[in-house]
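Heads up, the thing below is written out as structure tokens.
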Amino acid sequence: MNRSLSAKKRANLLIAAMTLDDKIAMLHGVTAPKKKPANAYDFAPPPVGYVGYVPPNLRLGIPALTLADGRAGVGNKAKDVTLLPAPIAAASSWDPALLHEFGRVLGEEEWGKGTNVALSPSIDVVRVPEWGRTFESYGEDPYFNGVMAAAEIQGIQSQGPIANANMYLTMNQESDRFHEDSVVDERTLQEIYLPPFAAAVRDGRVGTLMCAYVKTNGVYSCENAQILEDFLRKELGFQGWVMSDWGATHSTIDAANNGLDQQMPDDSYFGAALKAAVLANRVSQAKIDEHVRHILVTMFRFGLFDKAPGGNWMSNVRSPQHDEFSRHVAEQGTILLKNAGGLLPLQQGTSIAVIGEAGKNQPKAEGGGSSGVVPPYVVSPWEGIGKRAGSGGAVSYDDGGDPARAAQAASNAHTAIVVVHTDETEGSDRPNLQLPGNQDQLIEAVAKVNRRTLVVLDTGGPVLMPWADRVAGIVEAWYPGQEDGNALAAVLFGDVNPSARLPLTFPRTAAAIPTSRKVQWPGVSGHSMYSERLNVGYRWYDATGTKPLFPFGFGLSYTKFQLSHLSIKRDRFSAEELSNGATASMTISVTNTGARDGAEVVQLYVAHPAVNGEPPHQLGSFGKVWLRRGETKPVNLSVDGRAFSIYDPAGHQWTIEPGAYGILVGTSSRDLPLKATITIQK
Ligand code: NOJ
């Protein structure tokens, strides 16, 4: 308890006082006994509401570990918490400062609930657009996900809880998720799937990681020495602890010897069986100490021994500020995809027909699964639009169940707003990217009778839009959280000028996606072949010359921007100086040439020389800038050695090859008008 000692020293003193039983007790959770589990993944909740629980050690004064879910608010059926928008919405802001604040609010509520390990964020690159957990993640670019992950983790951890980067590694589909084998080459692992976790460790200083259900190259994540020992400990220098996902531990000796520190949520492999393995010399005492040390050092680092919990599971952690923040995130995450003929912003005092189940009767505020939050309230689109439309404007509603009836309602209104949704959830992938049910027909029927038809998408990921050319407007509002309708109305009526951008590609057709072959997804005989290799997301569209419906990085505004004057401070570097931390800096001038204040996201992509065998161009940096109408500001962007590096699987190391590297700057992966070159010498 001597606070002047380092976390490591304190942990070692404590370990010296622990018996083998004390140590084993730290290495697994406890669950209440359950009479008839439905399957191997059916756990009774721990005694106190948390989804994971390690009891305190009263003799030694070790506090309990209390783990709760929460990608968009405190999960696990907690009451009196705030439902934030889905992380994909927050990420669509392209604003790391907003993600930091998102983490801060989430961390404050978790801590207030007595949670000391917050199981968030979920940072895997979205490889398969049908992935049922796309909404929990940030998008399809490794660098982008890393920036967002580090920001959110820092926010969470600033409030007390230890954050948890999950799910490590190659957790990219729900189909067969407990056993699926991701077959992926080492270069692709390093360049695409590891970077978000590397950023979580290095820049976010995350305290815990969760190993995933799936296998990577034939070995379950939670007993995979390559990913747990080689990548995580040796290369990234991770100091915290690794816990298994719920039911993702598959062995005692292999898991303990290959890098799993803690089994969650129960003790089926890391309780009596682990003790027996130690006594039989199959797992060394030193290994056990190492696992316990990873946990205790982190607990000391976060001050868990030095301060009381922030509250308990019954505490009310809501506040008007958090309600307001939830709305702010939804506003900042709503993407304007199409706005023809001056459809938006809407004028007050005109008639509006709101159509669709999600428009009023069943607002689609969040995705399903362990990230689920019990919302204190949800403002439906109809309610939010109705309030904002004012007394002069009549806002009608039709649930869209009968497209002909809905069209009738739409034909009487000045503007028709069709709110459509998908039901994405952990545990299953979408069968395809079509809107479920009759929603496509509904949109077609409404668009036929009303030229001013706006489609609002409450989806967790991309959908196909066969009707895109026949509607005047399209807005992606994602799963917007409890302030759904208020945020939507603020954007539609122009109180907020939309400034969000797509963090993943929307395809034109089902065939035009990077993982359209069955061997890639959902896989054959339990194996998913990552044969698209580095060409994930927009990289694939660019490499194959496939035109997306809406490209990565795209989004409209109610004003217009012009980018000019790309200037590079220095355009020649040696590979060595870039490896040693040198950065290339550029300035771009951005002007708001339209009639409203607004924000643009300036995106910089790096194009490697062809011999490097990289995708055509890849995001290397971005910056969001707020501009009054008529205003011009410089935006400074910099890229470090990482953006110029490729992974050499033969030598198991990153290298920077000499050559001419293109610097492409613009406002989406498909709109890059400014170009320059950086030359790298040996
Ligand atoms: C399963 C999910 O994959 C993971 O994200 C979650 O944190 C745990 N269960 C606990 O609910």
Side-chain angles (χ1 to χ4, degrees), residues 28-32 34 37-46 48-54 65-78 81 86-88 106-107 110 113 115-124 126 131-138 145 149 152-153 156 161-180 182 196-197 200 206-215 220-222 241-250 260 262-266 268 313 366-374 424-429 460:
H28 62 80
V30 302
T31 51
K34 195 165 195 186
N39 56 54
Y41 308 98
D42 182 24
F43 301 102
V48 269
Y50 304 100
V51 73
Y53 183 68
V54 178
L65 288 172
T66 47
L67 290 62
D69 274 306
R71 308 288 134 67
V74 183
N76 315 128
K77 305 200 172 77
V81 299
I88 193 92
L106 181 57
E110 291 278 18
K113 282 283 184 188
T115 307
N116 54 26
V117 183
L119 302 179
S120 203
S122 165
I123 64 178
D124 290 273
V126 178
W131 184 33
R133 303 183 77 172
T134 298
F135 69 91
E136 290 182 48
S137 183
Y138 303 128
N145 280 23
E152 184 175 345
I153 288 163
I156 293 171
I162 303 167
N164 176 266
N166 73 67
M167 294 120 337
Y168 186 71
L169 192 65
T170 69
M171 187 72 209
N172 303 115
Q173 65 180 60
E174 294 303 280
S175 306
D176 192 22
R177 71 164 174 160
F178 295 124
H179 305 289
E180 180 264 335
S182 304
F197 292 93
V206 72
T208 67
L209 255 80
M210 185 184 290
C211 48
Y213 287 126
V214 295
K215 297 175 198 132
Y220 282 112
S221 303
C222 297
W241 88 84
V242 176
M243 69 182 70
S244 72
D245 201 340
W246 275 229
T249 309
H250 290 277
L260 177 65
Q262 188 180 56
Q263 178 183 11
M264 276 295 155
D266 62 335
S268 53
W313 198 243
E366 62 175 322
S370 63
S371 68
V373 173
V374 180
E424 289 162 61
T425 180
E426 177 183 338
S428 57
D429 292 327

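Residue numbers start at 1 and run along the sequence shown. Indexing begins at 1, ligand by ligand and atom by atom, following the structure's order.
Partners of Asp69 according to the salt bridge (Lys or Arg N to Asp or Glu O under 4.0 Å) rule, which considers only residues two or more places apart in sequence or in another chain, are Arg71. Listed by chain and number, the residues in a side-chain hydrogen bond (donor to acceptor under 3.5 Å, both in side chains) with Glu152 are Tyr138 (sequence neighbours excluded). For Asn116, the side-chain hydrogen bond (donor to acceptor under 3.5 Å, both in side chains) criterion is met by Thr66, not counting sequence neighbours.
Note: Asn164 CG to Met264 CE = 10.0 Å, rounded to the nearest 0.5 Å.
In this structure, Thr249 and Ser268 have side chains that are not in contact, with every pair of non-hydrogen atoms separated by 4.5 Å or more.
Residues of the protein with a heavy atom under 4.0 Å from ligand 1 are Val51, Asp69, Arg71, Leu119, Arg133, Asn166, Met167, Arg177, Met210, Tyr213, Asp245, Trp246, Ser370, Glu426, listed by chain and number.
Using a 4.0 Å cut-off between charged side-chain N and carboxylate O, Glu174 and Arg177 make a salt bridge.
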